[in-house]
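So you know, we letter chains A, B, ... as the sequences are listed, proteins then strands, and number each from 1.
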Amino acid sequence: MTLTDDVTLALLLAGCGFYLAGTVGLLRFPDVFCRLHALTKADNLGLFLVCSGLAVHSGEARVVSLLLLIWLVGLLAATVSAHLIARHAHQHLATSPEDSNEQR
Amino acid sequence: MTLFLLDGLIVVGLVTLAYQAVSSRSLFRGIIHFVVFGLTMALAWARVGAPDLAMAEAAIGAGLTGALMLVAYRRLVEGRSDSPADPAPAQSRLALPIAIGSGLLVGVIGLSALFSEVEPAQAGQAVLSELQQVDLGNPITAVLLLYRGLDTLLEVAVLLTAFLAARAVAGADGGEGSATTPAPETPMVGALLAVVIPLTVLVAIHLLRAGSYEPGGAFQGGAVLAGAGVLLILSGRIAATPVAGPLIRMGLLAGLVSFMLIGLVPLLKGSPLLALPGLWAVYFIETAMMLSIAITLILLFAGGGGLKRGRNG
Amino acid sequence: MTASALALIVFLPLLAACATVAFPGRWVGLIVRTGLLPLPLLMLVPTAAVLDQNVVHLALAGHASPLGIEWRLDSLSLLMLWLNVGITVLISLHAGFTFRPDSDRGRRFWPLWLILFASMNALVLSADLFNLYVTLELVTLAAIGLIAVESKPAALRAGMRYLLLALMASLLYLLGVGLIYGQAGTLDLYLIAEQIEPGWLPVTALTLMIVGLLIKSAVFPLHAWLPAAHGNAPGPVSAILSAMVVKVSIYMIWRLWFWGAAGWDLTTAANLMGLLGAAAIVYGSLAALVQDRLKMIVAYSTVAQLGYLMLLFPLASALAFQAASYHLLSHGLAKAAMFLAAANILNSVGTDRLQRLAGVDQRLPLDVFALALGGVSILGLPPSGGFVAKWLFLEAAWQQQAWGWLILVAGGGLLAAAYLFRVLGVICLHPRKRLDKRPRRENPDLASVAALILAVGAIAAGFFSAPVLDLVSAGLPPGMTP
Amino acid sequence: MDSLGLYVLAAAVLFGVGVYGLIVAEHLMRKLFAINIMGNAIFILLVAASGPIQGSPDPVPQALVLTGIVIAVSATAFALALMVRLYQETGQATLSSRDDGDDG
């Protein structure tokens, strides 16, 4: 185990932790907005940590830039879809847990 | 060990998702499970050493099949407040025994095929040894275009036939279906499209070009391109029309027609049918096929015969 | 020369299909004619080639198997090609009126029709197991698109049921192909026998493929989808479905059985296939006897007549092969004629319920005549093509002293007589129950003429059997001697 | 390749699940899920049935499966269109009930 391996492992584990937190939030929070909040924030950070872990592991400039691109596209997709879902929920749905549960 | 765990996780996921897809409470959930099943299948292909299939499965199997199912679901819910009638599963006492029996049969067949002592396949060996002579690094592209070209040609014909048959049974509303009702405009969508559409086109072209020496090719590229089209339809930038304009018609047929015509030309010189006259022909046909595949899939999604500029376009 | 002709026989209709999609205006009629009418002439070239050298091999793209795909043309595939070309061109005469090329219906119909035609040509030429799968999928999708083209609820439902079963059938076939490839290392149908011994895995693979194909060809007890699909499709489509589409999968079974598995001992399985055929003959005929719609009767008659094609497996002699091939030919012509005539009657009367058809012979004499002529061939009365086929079956069974099959063939004719005379009796033998209403719609003369030509063809097949039978016996499967 | 064996087992179970779904499910879309699942199981077997050539996987079955995937999506797309039309005409997206005895 070299230092890079250690750093990679730490970053990946941290990333998985955020994903786990996001998923728990998705399952446990009461309504759409809380869920989106948990999901997007935690998952974006999780993706960033996983990507940077892999970047440290590879160290090649090409791979690193590809990973950066993946993170950016992931961010963009998450942002826009969270925005659309939130807007739809805001306009059309009551925010009680049962209703949002139905729509998921 | 870790890899074995990963495989185990994928396999358990596949089975669970498949079961959920056919038996979950609501149809909508079923669709979602099926899409995730497709994505997990892509992981499985990557694990058994088939990256081309992984890409195809992710783009076509999960992505576009899922989109088509969602849009069909939407047509079923159209004009009703409740979710579409989803009759209770048939009570069949035979279902479980038959399912277990056929699963066992397939398992026995599969395992004995896997562990039977066979020579490496002649056809595969021939492909790998012939491959030295042409400048195509990806044996799968070589098989699809050079050695088993007729399969690929007819496969593009199958896709076209599915489209024509779907058009033939389309209802009177054919064209202006609800799939084309765009979401209300928001600046976020514009920003997304401005970034994602060029990027998707770039990825499609990359996949097409990469197909000759590494995983990728016309089908994967076409499916990714179709994804961009689906996004444009959903955001109301383009919309379906009942009848296609000349440009769309040309695009729809480009792959099949160019493959047939280029395949017929060698006959004039006394060469065999489908003996492609050089690698340029491979690239030309692949590009045309990618366009046709993308347009056919987009039209199938839109549920129309043609495309026009949409409400938000 | 042969290569170019065969290439055009497959690609010309396919290109025409693309052209009808590209130019959906008033040129459709002309394009369809360009895609169909040269085919009978083009067929002369491969015919000459087969008469000259018996078997023609074409390695597509110049890559012979196992690397590439080969086309292989012998007497049987030539017969299938001629049958497909002839029947499709004649039905197209009829379809030209039901689906006018310049109408919206026509624009939906003709591309699929041309693709169906081209894909069946490609299927009978192919020597490659996987390529056969692709062509078979093409045939199925185009055929079901055509069944549902008028979007009547019954046809939609029948098409959907057909589609689900056909997809399942294809999967079974595909699994078999994969196993064969794993064992033999090649996909060439005609190389399997050289490459592998009949162990349990190859036999399982063959079984899977054949069960898949039996579903697609609606052999009893896997026939449940056929009557609804054939009975509710538009007239020209019913005609091609019964005349060709179910036959091409039986053709594939013959190929797998007698060429692919040449030299394997399949006696038990052959008897089982024969029994399925026997059950199909009895069940199909009895079911036809109790139907009250003309098209359903004709459809159940197809279930019964397909049974005869299964008798080839237990009899397995040169004579039986001639008989089965000739049955394929004459049934194709007769059944196409009967479905077209039934479509004309349905179109004119507005229903095809039997009790409402009394006296229809007064109004539509040509169609009823075509129906009767087709019926004569189905019954196997001399001098029809059906008679030649049944006679050869009887001779083959006699030669092998297979009395069971002999009784079956003779009895099958009687059962067919029962349901066909019931139809003709209701139509012709009710002097007082004249149809009082005016025809709902007039049929163009050519629509009846097309049915009549096919019916006369089925009868004429009885007079000109010698050259066809010679051709068939020049291309017997390995191991059969005349 | 022991993991391939695991996937072959998975294919067997998937095939069984597909058969079960095909029998039990009433809604046509579920039947399509089932058929697609069975298809994927068979694709796995296709790749598994032929051994590797000098260490690398045989490209031919992979090319065949690629063709198979495209055919599967084509057939599914047409089946969905057929189902939607059937639903519009009859109000049902199932095959059960009512027989097919309408006048042709």
Inset, instruction - Can you tell which part of B:Met41 gets under 4.5 Å to a heavy atom of chain D, answering side chain, backbone, both or neither? - result: side chain
Inset, instruction - Would you mind telling me which of B:Leu3, B:Val15, B:Leu6 has the largest number of heavy-atom pairs within less than 4.5 Å of chain D? - result: B:Val15
Legend entry - D:Gln62 side chain vs B:Gly49 backbone, donor-acceptor pair below 3.5 Å: yes
Legend entry - Segment of D:Leu64 engaging chain B (4.5 angstrom heavy-atom cut-off): side chain
Legend entry - Proximity breakdown for B:Ile100 and chain D, heavy-atom pairs closer than 4.5 Å: neither
Legend entry - Heavy-atom pair count under 4.5 Å with chain B, highest-scoring of D:Ser50, D:Ala63, D:Gly39: D:Ala63
Inset, instruction - Pick whichever of B:Leu297, B:Asp52, B:Val11, B:Leu53 has the most heavy-atom pairs under 4.5 Å with chain D. - result: B:Leu53
Inset, instruction - Below 4.5 Å from any heavy atom of chain B, which atoms of D:Ala72 appear? Answer side chain, backbone, both or neither. - result: neither
Legend entry - Most chain D-contacting option - heavy-atom pairs closer than 4.5 Å, from B:Gly38, B:Ala126, B:Ala142, B:Ala18: B:Ala18
Legend entry - Choice from D:Val60, D:Leu45, D:Leu66 maximising heavy atom contacts with chain B below 4.5 Å: D:Leu66
Inset, instruction - Please answer whether the main-chain N or O of B:Leu76 pairs with a side-chain N or O of D:Tyr87 as donor and acceptor at a distance below 3.5 Å. - result: yes
Inset, instruction - Taking only Lys NZ, Arg NE, NH1 and NH2, and the carboxylate oxygens of Asp or Glu, determine whether D:Glu89 and D:Arg85 approach each other closer than 4.0 Å. - result: yes
Legend entry - Side chain, backbone, both or neither of B:Leu300 within contact of chain D (heavy atoms, under 4.5 Å): side chain
Inset, instruction - Check each atom of B:Gln220 against the heavy atoms of chain D and say whether the ones under 4.5 Å are side chain, backbone, both or neither. - result: side chain
Legend entry - Smallest separation among heavy atoms of D:Leu80 and B:Ala72, with atom names: CD2-CB, 3.9 Å
Inset, instruction - Against chain B, work out which of D:Val70, D:Thr76, D:Leu9 has the most heavy-atom pairs shorter than 4.5 Å and name it. - result: D:Val70
Inset, instruction - Among D:Val17, D:Asp58, D:Ile37, single out the residue with the greatest number of heavy-atom pairs under 4.5 Å to chain B. - result: D:Ile37
Legend entry - B:Ile109 versus chain D, the contacting section by heavy-atom distance below 4.5 Å: neither
Inset, instruction - Under 4.5 Å heavy-atom distance to chain B, tell me which part of D:Val13 shows up: side chain, backbone, both or neither. - result: side chain
Legend entry - Separation of B:Met289 CE from B:Leu159 CG (nearest 0.5 Å): 11.0 Å
Inset, instruction - Counting only heavy atoms closer than 4.5 Å, note whether D:Pro52 contacts chain B via side chain, backbone, both or neither. - result: backbone
Inset, instruction - Verify, without hydrogens or angle tests, whether B:Thr40 (side chain) and B:Leu14 (backbone) share a donor-acceptor contact under 3.5 angstrom. - result: no
Legend entry - Winner by heavy-atom pair count (cut-off under 4.5 Å) against chain D, out of B:Gly110, B:Gly217, B:Ala165: B:Ala165
Inset, instruction - Please round to the nearest 0.5 Å and tell me the distance separating atom CG of D:Leu14 and atom CZ of D:Phe43. - result: 13.0 Å
Legend entry - B:Val127 versus chain D, the contacting section by heavy-atom distance below 4.5 Å: side chain
Legend entry - Residue among D:Leu22, D:Leu32, D:Val8, D:Val47 with most heavy-atom pairs under 4.5 Å to chain B: D:Val8
Inset, instruction - Against chain D, work out which of B:Thr296, B:Val143, B:Thr65 has the most heavy-atom pairs shorter than 4.5 Å and name it. - result: B:Thr65
Inset, instruction - Measure the spacing between OG1 of D:Thr94 and CZ of D:Arg30 and express it to the nearest 0.5 Å. - result: 13.0 Å
Legend entry - Greater than 12 external heavy atoms within 6.0 Å of B:Phe163's CZ: yes
Legend entry - Which of B:Asp151, B:Leu104, B:Thr141, B:Ile31 touches chain D most, by non-hydrogen pairs under 4.5 Å: B:Ile31
Inset, instruction - Count the heavy-atom pairs under 4.5 Å between each of D:Ile71, D:Val19, D:Ile42 and chain B, then report the option with the highest count. - result: D:Val19
Inset, instruction - Could you note down all residue pairs passing side chain to side chain donor-acceptor pair (under 3.5 Å) where residues 7-21 of chain B supplies at least one of them, sequence neighbours left out? - result: B:Asp7-B:Arg47, B:Asp7-D:Tyr7
Inset, instruction - Only pairs at least two apart or in different chains count here, so list each side chain to side chain donor-acceptor pair (under 3.5 Å) that has a residue in residues 96-114 of chain B. - result: none
Inset, instruction - Determine the interplanar angle of the B:Tyr73 and B:Phe28 rings, folded into 0 to 90°, and report it as parallel if under 30°, tilted if 30 to 60°, perpendicular if over 60°. - result: tilted
Inset, instruction - Working to the nearest 0.5 Å, report the span between CE of B:Met69 and CZ of B:Phe301. - result: 13.5 Å
